[in-house]
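In listed order, ligands and their atoms are each counted from 1. Since the model is a prediction, treat every value here as computed from it, not as a measurement.
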Amino acid sequence: MSTFDYDLFVIGGGSGGVRAARVAAGETGAKVALAEEDRYGGTCVIRGCVPKKLMVFASEYNEMPSLARSYGWDIPDGSFDWQPFTVKLNAELDRLEGIYRSLLKNSGVESFDARATLKDAHTVSLSNGKEVTAKHILIATGGRPVRPNLPGAELGIVSDDIFHLPELPKSVLIVGGGYIACEFACILHGLGVKVTQYYRGEQILRGFDNEARGMIADSMIARGIDLRLGVNVEQMEMANGTKPAGYVPGQGPTKIVNTQGTEETYDLVLFATGRNPNSNDMGLEALGIGMGRGGAIEVNDYSQTAVPSVYAIGDVTDRVNLTPVAIREGMAFVETVFRGNPTPVDHDLIASAVFTQPEMGTVGLSEEAARAQEEIEVYASSFKPMMTAFAGAQEKVLMKLVVSKATRKVLGCHIVAPGAGEMIQLAGIAVKMGATKEDFDRTVAVHPTMSEEIVTMRTPTRTG
Ligand code: NDP
């Protein structure tokens with residue numbers, strides 16, 4: 001008989017925590033409880049990937065009437081109405097949250113709608129006053145957006161807030177050049193908002209393949225996004241005087257001064273300036289759990305902290321901050337702790353997509369990172385895709401392979417194209433399997449598609 005109330009207590013009801021809890025309870029018979037202080041589903045379902053992707057779909061209709069007209073349809077331009085969309089969006093999020101709750105319940109997990117902190121290596125204190133013990137504790141509390149430290153930053157909103165706007169602004173300034181900034185620049189532009197984006201560096205999407213980054217930046221500018229590089233916000237204030245009582249960020253136009261000394265006014269300022277692990281005030285330092293940059297919980301290959309009974313997965317560990325990775329880490333934790341099969345998480349060659357317009361799908365090394373490592377061949381093809389070329393559009397797509405000269409293995413695959421997220425999932429299997437350029441070459445093309453170029457590029461564009 002266990003002396004603990006539970007075999008496992010999970011803190012955080014997002015993708016990683018829910019998966020670990022329900023697999024441990026449902027498939028290994030462990031006695032499991034989970035605490036969530038906010039909504040079940042976490043960042044991905046409630047304020048991230050899912051509502052974002054629905055907004056991407058909504059925004060993509062912007063270009064469809066003119067495309068349809070060029071194919072002979074008699075369709076007028078339409079306009080977008082935020083209210084009915086958000087009613088449907090919220091209903092969908094409610095439905096998904098309900099599914100998350102019932103997944104837990106049906107697996108036999110007891111849930112607490114409460115904030116949880118650690119009292120000691122086996123005791124969790126809940127904000128409802130309860131204290132419970134567990135043999136193992138899993139922290140899966142995710143991350144949260146951070147605002148930059150500048151005067152008036154509290155006047156701007158962060159990505160969490162975007163889904164709750166009562167109405168769309170006429171103009172927005174988006175600060176940042178990462179996934180969230182670029183995706184929302186494209187989404188809001190598509191929904192009819194006048195978008196300005198400031199990025200402090202030389203080119204958006206730092207860390208991705210340079211050629212792909214450049215193409216996305218060019219496409220964003222060509223679509224009408226006012227993308228400005230090498231500029232940042234220095235200070236902000238309400239354009240119409242002081243903040244009213246009960247002010248919420250984003251209410252009323254904001255005046256900013258930028259690092260070039262220019263004063264500008266926007267209806268809304270959105271900070272997409274990164275996310276920090278959600279590990280504050282949980283009692284972790286006092287227990288001797290190591291915390292890294294921004295509060296990232298330090299864990300070993302098995303997601304175990306310095307306190308052997310306490311594990312952490314997902315964004316709170318700041319390894320690879322993506323939902324499917326948190327889920328993998330949760331599954332590996334259950335395998336290690338509840339099935340006696342120590343399983344490290346494989347963080348190598350994870351494919352991902354940036355849902356800009358056009359999308360980017362990427363797996364493996366950028367051309368620059370690969371060249372720094374070894375001699376390479378680059379195969380790149382940039383062309384106007386059939387569907388939009390027919391309509392007279394100038395926008396190009398990019399299919400690119402980065403190949404090791406020595407082993408012939410494909411080290412990186414980068415796609416900029418409509419649907420690139422879908423394409424890279426499949427290319428990712430080949431790259432993960434260690435496919436060589438010759439493996440790609442002997443695969444017969446699917447014609448006529450954009451992605452057939454990935455198996456028909458014969459001559460390197462660059463070597464060395
Ligand atoms: P990122 O870390 O990707 O980007 C943050 C951006 O903000 C960078 O451009 C950074 O600039 C800039 N920045 C940071 N601090 C400041 C500052 N003080 N002033 C001005 N700019 C600043 O974070 P995101 O918030 O975009 O996304 C967080 C994570 O969420 C991503 O890393 C990703 O893992 C995940 N995500 C994944 C998505 C997907 O899979 N499609 C979608 C959305 C999020 P610099 O480059 O100079 O550091």
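A search for salt bridge (Lys or Arg N to Asp or Glu O under 4.0 Å) contacts involving D81 returns nothing, not counting sequence neighbours.
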Expected list for residues 168-185: side-chain donor-acceptor pairs under 3.5 angstrom, two or more places apart:
| unit_1 | atom_1 | unit_2 | atom_2 | d |
| --- | --- | --- | --- | --- |
| S171 | OG | D267 | N | 3.0 |
| Y179 | OH | S352 | OG | 3.3 |
| E183 | OE1 | K52 | NZ | 2.7 |
| E183 | OE2 | K52 | NZ | 3.4 |
| E183 | OE2 | F355 | N | 2.8 |

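Salt-bridge check for E211 with K400: passed, with a basic side-chain N closer than 4.0 Å to an acidic carboxylate O. Salt-bridge check for R39 with D113: failed, with every basic side-chain N at 4.0 Å or more from each acidic carboxylate O.
The list of salt bridge (charged side-chain N to carboxylate O under 4.0 Å, His left out) pairs with a residue in residues 151-161, not counting sequence neighbours, reads E154-K243.
Between A153 and P148 the shortest heavy-atom distance is CB-O, 3.3 Å.
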For ligand 1, run through the N/O pairs with the protein that fall under 3.5 Å and put one pair on each line.
| unit_1 | atom_1 | unit_2 | atom_2 | d |
| --- | --- | --- | --- | --- |
| ligand 1 | 7 (O) | A272 | O | 3.3 |
| ligand 1 | 9 (O) | G177 | N | 2.8 |
| ligand 1 | 9 (O) | G178 | N | 3.2 |
| ligand 1 | 11 (O) | R200 | NE | 3.3 |
| ligand 1 | 19 (N) | N232 | ND2 | 3.1 |
| ligand 1 | 25 (O) | G274 | N | 3.3 |
| ligand 1 | 26 (O) | Y179 | N | 3.3 |
| ligand 1 | 26 (O) | I180 | N | 2.9 |
| ligand 1 | 34 (O) | N321 | O | 2.7 |
| ligand 1 | 41 (N) | E183 | OE2 | 3.0 |
| ligand 1 | 41 (N) | A353 | O | 2.8 |
| ligand 1 | 46 (O) | Y199 | OH | 2.7 |
| ligand 1 | 46 (O) | R206 | NE | 2.8 |
| ligand 1 | 46 (O) | R206 | NH2 | 3.4 |
| ligand 1 | 47 (O) | Y199 | OH | 3.1 |
| ligand 1 | 47 (O) | R200 | NE | 2.9 |
| ligand 1 | 47 (O) | R200 | NH2 | 3.4 |
| ligand 1 | 48 (O) | R200 | NH2 | 2.9 |
| ligand 1 | 48 (O) | R206 | NH2 | 2.8 |

